[in-house]
J.: 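First the structure, then my questions, so here it is.
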Number of protein chains: 2
Amino acid sequence: MLHVAEAARVSVATVSAVINGTAIVSPELTARIEAAIRDIGYKRNAIARSLKMGKTRTIGLTVADITNPFFTDVVAVLQEVLHRAGYAVMLCSNDEDMEMQDEQIQLLLDRMVDGLIIAPAGDDANLKRILGGTKVPIVLIDRICDGVEADAVILDNQRAVFDATTYMLQLGHRRIGYVSGSLDTSTGRDRLEGYHRALEASGVPFDETLVRFGNFREADAYNASMQLLTQPDRPSAIFSANNLMVIGVMKAIRDIGLSCPEDVSVVCFDDFPWADVFRPQLTAVAQPVRAIGEQTAQLILDRLAGRIEDEPRRLVLQGRLMIRNSCRPHASLLQGATA
Amino acid sequence: MLHVAEAARVSVATVSAVINGTAIVSPELTARIEAAIRDIGYKRNAIARSLKMGKTRTIGLTVADITNPFFTDVVAVLQEVLHRAGYAVMLCSNDEDMEMQDEQIQLLLDRMVDGLIIAPAGDDANLKRILGGTKVPIVLIDRICDGVEADAVILDNQRAVFDATTYMLQLGHRRIGYVSGSLDTSTGRDRLEGYHRALEASGVPFDETLVRFGNFREADAYNASMQLLTQPDRPSAIFSANNLMVIGVMKAIRDIGLSCPEDVSVVCFDDFPWADVFRPQLTAVAQPVRAIGEQTAQLILDRLAGRIEDEPRRLVLQGRLMIRNSCRPHASLLQGATA
DNA sequence: AAAGCTAATCTAAACGTTTCGGATGAGTCA
DNA sequence: TGACTCATCCGAAACGTTTAGATTAGCTTT
């Protein structure tokens, strides 16, 4: 910028004025300066600007697992709308590891991000401390951490799996295996709660041997399903609490020599683009990923612009059960039909 | 930092010295300063530091489509190893849109990223100009742009689809439809070339009505496949040049009332985690995503550390054909076997 | 014609670091 | 005792911006 100023024979202040349009400068100088800028090929240094202004125009984003298509989809729309608004996004993915998550958030904060979007791996005291110590707007996504003051956009998880479980019950399934995510997350807890409630509402007794923990990961879900399927009175259906785990579930079913949906029905959380084209066509609860991304982005942009000042908001969206054919009526119902 | 200095009754220079261990300071002062840091809860300002040192310890990353599981996977490992090395990553995804890509790269450069990893949507003159005007190390990934001086880690695309096509030919297929990516990309060109070569090597004449362009996107691939499958002498097999497009291919097959692999065989580029558990189990060429990510990260870290100074390197890795059952022998071969 | 006003431009401080060269003081040596 | 050497520590400039306030010049007003 100094070079530009010299080339145009003006002060740096004037250069700054024309670049930002922050003060009125005469047409001659404007022209001279713009010419100089072009000649030199000057680009203003965003770092210096950030230092002076106290804003970086970048927002930090941490997700528990970027490999998960659900997160990927919302990251894509977040990136899209934030970029359009002139913000860059710094992305971190911790492999559902809370320690690494905290470290990454600290790193983002040190880099003075203007805002923070977090799809938390979980919440520990440390996270609360870090988040409590900052003034940047935060929006939690997918999962919430109670105890942290922040906006959140989440799904009505309990309702969604309540509906899904109810659907399975209506098809005559009574022993429904449940492969759960970690109870360290709100989604893990809420989804399991939805399962409980649905059983309760249908008067089906809860059997604790039917729920196993897959921690939202394929490998863990595989083991969980193996246990589920090798126990004496095996479930006739399995619900997987997310998309990654359903693959583990299917692998277990295959490796045990069973098949879906003939021997065991499967329903899962999170939809796939290919779900209706490969077999079995998965019955799944779809999340409104685009809406989640857009609303999150809007929320944080509104905070950054000072358009919202009040206490934390919580947006909760609804999932939708996509009925396909990985879950079929239980044998008892089929017999009833033919009898 | 000023506050820390005051609290510890020393100069900022000394504080800086103990924080960075850049000079030797007496035990007493060190202790006082460390105590003050703890008391104040001081975190050094990375922006100011970046400005002074001319490095941001962040590296820019643009991919053509973050929604594509292949890119997602390599992004995940990139993020992982770069984070471990103390680097943050700024992520941009342009929807295979070259204009947006250039804009994003410019934005990253303005923010003074220390390095750039690019999975290009394509290369135009503009990109070459932007990239030519900078001194930061660049590594191209997956796709290369000739005319830009940069390291690259890519796949031996031609070889990979040569092998895949040859496999299909050996199974007796003679009319093999090819759903191609955009020829604006090196992957689009190289993969198509592999198809050509394989036909040539087997003495099968090339039929231009068998190749259609899907531009690496599901919707386009769907249309392409519809055309392919509704033409008079329809192909007995289809090769899809990437993962997104194979979904479009499968949808077209379904919508036309055919099925895979009974009526038409399918092989595609890029593997899926679920490929061996849903039916048809896709025969696909798997890319070594972890290796790609790790080598890319290593390459750029080496450049940043000045461990490599010589001219651009090009690492080319090999794909692997995962034979499953979405591609079965052609009817003619089956008859031959039973005859 | 002096004073006041306005519009355009500039000077210089500030943002929070790093780092170079210098200052200080104690110990060593002749 | 004076000079010299270390070991520590500090002052201040610099990184490239932004911006409040000062300055200047040209007009208007009385």
Side-chain angles (χ1 to χ4, degrees), chain A residues 1-37 40-58 86 88 106-114 134-136, chain B residues 1-37 40-58 86 88 106-114 134-136:
Chain A
M1 179 145 148
L2 186 59
H3 298 111
V4 173
E6 283 168 355
R9 304 186 307 283
V10 297
S11 76
V12 290
T14 321
V15 177
S16 177
V18 346
I19 289 179
N20 302 306
T22 128
I24 149 174
V25 357
S26 69
E28 308 95 273
L29 285 205
T30 304
R32 276 216 316 259
I33 290 171
E34 282 171 347
I37 287 178
I40 315 259
Y42 165 81
K43 298 276 180 219
R44 91 172 149 209
N45 184 315
I47 298 294
R49 180 164 219 260
S50 293
L51 177 60
K52 183 62 188 166
M53 310 207 62
K55 5 208 84 173
T56 51
R57 284 197 87 77
T58 104
Q106 190 56 258
L107 178 134
L108 291 171
L109 254 15
D110 289 350
R111 277 181 165 72
M112 300 218 322
V113 293
D114 292 345
T134 179
K135 279 318 281 173
V136 310
Chain B
M1 180 147 147
L2 185 60
H3 298 110
V4 173
E6 283 168 354
R9 303 184 308 281
V10 296
S11 78
V12 290
T14 322
V15 176
S16 178
V18 347
I19 290 179
N20 302 308
T22 127
I24 150 173
V25 359
S26 69
E28 308 95 274
L29 284 205
T30 304
R32 272 209 328 252
I33 290 171
E34 282 171 347
I37 288 178
I40 314 258
Y42 165 81
K43 298 278 178 211
R44 92 172 147 209
N45 184 315
I47 298 293
R49 179 162 219 259
S50 293
L51 176 60
K52 182 63 188 168
M53 310 207 62
K55 5 208 85 171
T56 51
R57 283 198 88 77
T58 104
Q106 189 56 258
L107 178 134
L108 291 172
L109 253 17
D110 289 351
R111 278 184 165 69
M112 301 218 323
V113 292
D114 292 344
T134 180
K135 280 316 282 172
V136 310

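In what follows, chains carry the letters A, B, and so on, assigned in the order in which the sequence lines appear, proteins first and then strands, with residues in each chain numbered from 1.
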J.: Over how many whole Å does the gap from B/Leu2 atom CG to C/dT17 atom P extend?
T.: 9 Å
J.: So which atom in A/Arg44 and which in A/Ile19 form the shortest heavy-atom distance, rounded to 0.1 Å?
T.: NH1-CG2, 3.5 Å
J.: Rounded to whole Å, please give me the gap between CD1 in B/Ile33 and P in C/dT17.
T.: 14 Å
J.: What are the two closest heavy atoms between B/Met1 and B/Val15, and how far apart are they?
T.: CG-CG1, 4.0 Å
J.: Looking at residues at least two apart in the chain, or sitting in another chain, which of them share a side chain to side chain contact (heavy atoms under 4.5 Å, CB included) with A/Ala8?
T.: A/Val10, A/Arg32, A/Ile33, A/Ala36
J.: Rounded to the nearest angstrom, tell me the gap between atom CZ in B/Arg57 and atom C1' in C/dT18.
T.: 16 Å
J.: Could you go through B/Thr56 and B/Arg111, starting from their C-alpha distance and side-chain angles, then the distance that decides it, and tell me whether this counts as side chain to side chain contact (heavy atoms under 4.5 Å, CB included)?
T.: CA-CA 8 Å; B/Thr56 51; B/Arg111 278 184 165 69; over 6 Å; no
J.: Can you measure from CG (B/Leu29) to CZ (B/Arg9) and round to the nearest 0.5 angstrom?
T.: 9.0 Å
J.: Using the side chain to side chain contact (heavy atoms under 4.5 Å, CB included) rule, take B/Asp114 and B/Val136 through it: C-alpha gap first, then chi angles, then the decisive distance, then the call.
T.: CA-CA 6 Å; B/Asp114 292 344; B/Val136 310; over 6 Å; no
J.: Please give the angle, rounded to 10 degrees, between the axes at the start and the end of the helix from C/dA1-D/dT30 to C/dA30-D/dT1, where five pairs define each axis.
T.: 70°
J.: Could you give the distance from OG1 (A/Thr30) to CD1 (A/Ile24), rounded to the nearest 0.5 Å?
T.: 9.0 Å
J.: Would you say B/Ser50's side chain and B/Ala46's backbone share a donor-acceptor pair under 3.5 angstrom?
T.: yes
J.: Expressed as a whole number of angstroms, how long is the span from B/Arg32:CZ to D/dT8:P?
T.: 15 Å
J.: Quick one: what's the B/S/- string for nucleotides 5-16 of chain C, heavy-atom cutoff under 4.0 Å, read 5' to 3'?
T.: ---SSBB--BBB
